[in-house]
> 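Quick one: this structure, given as structure tokens, is what I'll be asking you about.
So that the names make sense, note that chain A is the first sequence line, chain B the second, and so on, each numbered from 1. Only a predicted model underlies this, so the values are computations on that prediction, with no experimental measurement involved.
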Amino acid sequence: MKLYNTMTRKKEDFVPLVPGEVKMYSCGPTVYNYFHVGNARPFIVFDTLRRYLQYRGYKVTFAQNFTDVDDKIINRARQENTNESAVSEKYIQEYFRDADGLNVRRADYHPKVTEHMEEIICTIRKLEERGLTYNVDGDVYYDTSKFVEYGKLSKQNLEELEAGARVDINEVKKNPFDFALWKKQKPGEPAWESPWGLGRPGWHIECSAMSMKYLGETIDIHSGGQDLIFPHHENEIAQSEGASGKPFARYWLHNGFININNEKMSKSLGNFFTVREISEKYDLEVVRLFMLSAHYRSPINFSAELLDQTKNALDRLYNAKANLEYLLGQAQEKPATTEEQALKSALPGYKEKFIEAMDDDLNTADGLAAIFDLVRDVNSRVKAESSKEVMQFAYDLFMELTGVLGLLYKKEEGLDAGIERLIAERQKARKEKNWALSDKIRDDLKAQGIILEDTPQGVKWKRTN
RNA sequence: GGCGACAUAGCCAAGUGGUAAGGCAGAGGACUGCAAAUCCUUCACCCCCGGUUCAAAUCCGGGUGUCGCCUCCA
């Protein structure tokens with residue numbers, strides 16, 4: 001498989017450090033609010049990468065942190081007259097609720113900053129021992145001038161960065177790009193004991209400390225949004241490699257942004273939609289498919305119109321699934337017809353196309369095209385009372401490929417007896433050509449969210465949404 | 001100022017040297033009591049100008065336009 005590595009700015013063959021095993025870390029949310037659609041993209045994309053790597057036989061160990069110590073959390077706690085842990089605990093739960101809706105699976109580890117003070121302090125001490133830090137009255141900073149490779153990920157050099165002007169003025173720091181490893185406690189803020197006095201960790205150190213704890217000093221894949229390249233990931237490299245003396249991550253993956261009217265969606269700009277809001281109007285699976293319908297590194301625009309398009313595309317996949325399940329129920333043990341044989345021999349080709357696409361830097365858009373090709377082929381070649389063997393083969397492959405993308409996870413509930421009876425009644429009415437009654441029943445059921453379709457193979461039902 | 005991305009049909013979006021995938025929407029047709037689903041057919045001067053090449057959406061140069069990072073940020 002090839003992956004685009006931000007470090008080298010090239011697609012590279014993916015070769016994990018230990019054959020057959022992948023260690024990956026993804027920067028997780030700061031839990032002070034519901035997450036927005038922009039946050040959802042890396043969750044979905046890297047969940048898909050994880051699924052695909054597993055599909056290809058790798059044993060994947062995946063860690064994604066929760067940042068539960070942060071100015072924003074502190075502010076939120078003050079606003080709501082509560083404490084920081086109440087805020088972070090609440091939004092961790094809300095994260096899982098939305099992530100579940102998006103079919104983003106739990107990581108193997110979801111470490112929290114508050115539970116890793118020891119490791120964080122230990123990492124800072126290592127940096128201190130190596131002379132990479134300085135202490136200004138209880139604030140500990142990383143001395144970026146001491147890390148010669150600083151800037152290697154973002155391809156920035158310190159002088160050019162300085163010319164950029166948009167740097168906060170902090171007289172205390174030796175260099176504008178030095179960053180806090182440990183912040184001295186301010187009145188009313190949560191704080192922990194440390195060799196430098198009471199305080200809390202800077203933002204970047206947590207990822208270094210927790211990644212090393214759970215995945216080791218050198219990991220295979222580190223991922224996140226493009227805006228994290230500088231300074232967050234640059235700083236993580238300085239911290240982790242500064243402390244361990246070993247390469248931190250072998251492949252750096254960064255997803256592109258979600259735009260609203262061609263402008264970045266962000267919490268700071270205020271032009272964002274939370275996933276929770278979206279879930280009131282759309283099934284979240286629509287959001288998942290939306291994210292996968294473009295390459296993960298491309299910017300994508302977000303709008304209701306696009307979600308509607310995506311919803312219709314998703315319906316096509318669900319229709320195909322329902323169609324296959326229905327036919328499978330009717331299928332018989334019998335030799336395949338010529339058409340069915342043609343289908344069966346074509347199926348491996350779709351799988352190959354899918355794998356080829358996904359192997360190319362996780363090209364989910366092309367992977368989906370392979371799935372839609374398969375759908376058309378199945379739809380056009382399969383008839384009632386098909387060969388069970390071929391139907392099962394087709395169904396299994398369809399579910400296998402959509403499953404790798406984390407799609408088609410909605411469970412269908414059965415119909416209750418009352419509705420079953422109405423459907424039977426309508427069938428009787430149709431047989432008697434009582435169209436008025438049969439149409440009325442169909443309309444009534446539609447009002448209840450049940451759509452009936454009279455296909456050549458018989459009557460089928462599905463739920464709206 | 002530095003670093004970087006993008007520009008393909010009405011809307012989304014693949015394709016990085018051999019003559020344009022896929023989805024949505026639209027049109028026509030088949031099937032159907034009707035509807036739906038499904039199938040078939042149909043729908044692209046690949047931002048502009050040069051260059052390289054037998055051959056360019058694809059490579060090179062130059063434009064134009066849009067966006068991102070350099071400040072918390074997915």
> When the ring planes of Tyr296(A) and Phe46(A) are compared, do they come out parallel, tilted or perpendicular, using 30° and 60° as the limits?
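If you compare the ring of Tyr296(A) with that of Phe46(A), the planes turn out perpendicular.
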
> Considering every strand shown, what is the Watson-Crick or G-U wobble mate of C72(B) when both distances are under 3.5 Å?
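Across any shown strand, C72(B) pairs with none.
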
> Phe257(A) stacking on A74(B): centroids under 5.5 Å, ring planes under 30°?
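A stacking contact does not exist, since Phe257(A) is not both close and nearly parallel to the base ring of A74(B).
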
> Does the plane of the ring in Tyr91(A) sit parallel, tilted or perpendicular to the ring in Tyr34(A)? Use 30° and 60° as the thresholds.
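The rings of Tyr91(A) and Tyr34(A) stand perpendicular, inter-plane angle above 60°.
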
> Mark up nucleotides 16-27 of chain B, 5' to 3', with B wherever a protein heavy atom is under 4.0 angstrom from a base atom, S wherever such an atom reaches only the sugar-phosphate, and - elsewhere.
-----BSBBS--

> State the pairing partner of C47(B); accept Watson-Crick or G-U wobble contacts with both distances under 3.5 Å, and report none otherwise.
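With both distances under 3.5 Å, C47(B) matches G63(B).
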
> Does U53(B) pair with anything, Watson-Crick or G-U wobble, both distances under 3.5 Å, and if so, with which nucleotide?
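Because no pair has both required distances under 3.5 Å, U53(B) counts as unpaired.
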
> Where the side chain of Asn261(A) meets the backbone of Glu263(A), is there a donor-acceptor pair that is under 3.5 Å apart?
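No: the side chain of Asn261(A) does not pair with the backbone of Glu263(A).
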
> Counting side-chain heavy atoms from C-beta on, which of C69(B), G33(B), A37(B) comes nearest to Asp227(A)?
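Looking only at side-chain atoms, Asp227(A) lies closest to C69(B).
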
> Please confirm whether the backbone N or O of Phe257(A) pairs with a side-chain atom of Arg41(A), one donor and one acceptor, at under 3.5 Å?
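Checked: pair present.
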
> Which of these nucleotides, G33(B), A74(B), A37(B), is closest to any side-chain atom of Asn255(A)?
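Nearest to the side-chain atoms of Asn255(A), counting from C-beta on, is A74(B).
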
> Measure from the side-chain N and O atoms of Tyr142(A) to the backbone N and O of Ile124(A), and report whether any donor-acceptor pair falls under 3.5 Å.
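No, Tyr142(A) side chain to Ile124(A) backbone: no donor-acceptor pair under 3.5 Å.
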
> What are the residues of residues 91-110 of chain A, sorted by number, that bring a heavy atom to within less than 4.0 Å of RNA chain B?
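Output list: empty, so none.
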
> With rounding to whole Å, what would you report as the distance between A44(B) and A20(B) at their P atoms?
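About 11 Å, rounded to a whole number of Å.
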
> Taking the same atom, C1', in G22(B) and in A30(B), what whole-Å distance lies between them?
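That atom pair is separated by 24 Å.
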
> Applying a 4.0 Å non-hydrogen cut-off, can you work out what Gly224(A) is touching in the nucleic acid: base, sugar-phosphate, or nothing?
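Sugar-phosphate, backbone atoms only, no base.
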
> For the side chain of Arg442(A) and the base of A35(B), is some donor closer than 3.5 Å to an acceptor across the two?
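Side chain to base: pair present.
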
> Spell out, as yes or no, whether a donor-acceptor pair under 3.5 Å connects the side chain of Asn319(A) to the backbone of Asp315(A).
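Such a contact is found between Asn319(A) side chain and Asp315(A) backbone.
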
> Taking Arg381(A) for the side chain and Val378(A) for the main chain, is one N or O donor matched with an acceptor at less than 3.5 Å?
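Looks like no, no N/O pair under 3.5 Å.
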
> Strictly below 4.0 Å: does Thr455(A) bring a side-chain N or O up to OP1 or OP2 of A35(B)?
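Answer is no, no contact under 4.0 Å.
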
> Say whether, by atom type as modelled, one donor and one acceptor occur between the side chain of His36(A) and the main chain of Phe273(A) under 3.5 angstrom.
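Not confirmed, His36(A) side chain does not pair with Phe273(A) backbone.
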
> If the C1' atom of G28(B) is compared with that of A21(B), how far apart are they to the nearest Å?
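To the nearest whole Å, 24 Å.
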
> Could you check which of C69(B), A74(B), U66(B) has an atom nearest any side-chain atom of Asn262(A)?
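Nearest to the side chain of Asn262(A) among the choices is U66(B).
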
> Provide, to the nearest angstrom, the distance between the CD1 atom belonging to Ile74(A) and the C1' atom belonging to C72(B).
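After rounding, the reported distance stands at 13 Å.
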
> Look at the side chain of Asp454(A) and decide which nucleotide, out of A35(B), A5(B), C3(B), has an atom nearest to it.
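Nearest to the side-chain atoms of Asp454(A), counting from C-beta on, is A35(B).
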
> For atom C1', what is the distance between G10(B) and A25(B), given to the nearest Å?
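It comes out at 8 Å once rounded to the nearest Å.
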
> Report the base-pairing partner of A30(B) (Watson-Crick or G-U wobble, both distances below 3.5 angstrom), or none.
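A30(B) is paired, partner U38(B).
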
> Asn319(A) has a side chain; which of A74(B), C72(B), A37(B) sits nearest to it?
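Minimum distance to the Asn319(A) side chain belongs to A37(B).
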
> Indicate, with a heavy-atom threshold strictly under 4.0 Å, whether Ile371(A) touches base, sugar-phosphate, or nothing.
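No contact.
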
> Would you mind pulling out the nucleotide paired to U19(B), Watson-Crick or G-U wobble, both distances under 3.5 Å?
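Paired with no nucleotide.
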
> Any idea which of A74(B), G33(B), C39(B) is nearest the Arg426(A) side chain?
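So the nucleotide nearest the side chain must be G33(B).
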
> Hey, is the main chain of Met7(A) close enough, under 3.5 Å, to the side chain of Lys155(A) for a donor-acceptor pair?
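Here the side-chain-to-backbone pair exists.
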
> Nearest to the Ala294(A) side chain among C39(B), A74(B), A13(B), which nucleotide is it?
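Among the listed nucleotides, the one closest to the side chain of Ala294(A) is A13(B).
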
> In whole angstrom, give me the gap between the P atoms of U52(B) and C43(B).
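It works out to 34 Å between them.
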
> So if I apply the side-chain contact (heavy atoms from CB on, under 4.5 Å) rule between Ile221(A) and each of Trp252(A), Phe14(A), Tyr25(A), which one comes out positive?
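Testing Ile221(A) for a side-chain contact (heavy atoms from CB on, under 4.5 Å) against Trp252(A), Phe14(A), Tyr25(A) leaves exactly one candidate, Phe14(A).
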
> Test salt bridge (Lys or Arg N to Asp or Glu O under 4.0 Å) on Lys2(A) and Asp360(A); report intermediate values, then the result.
CA-CA 5 Å; Lys2(A) 284 188 188 301; Asp360(A) 183 15; over 6 Å; no

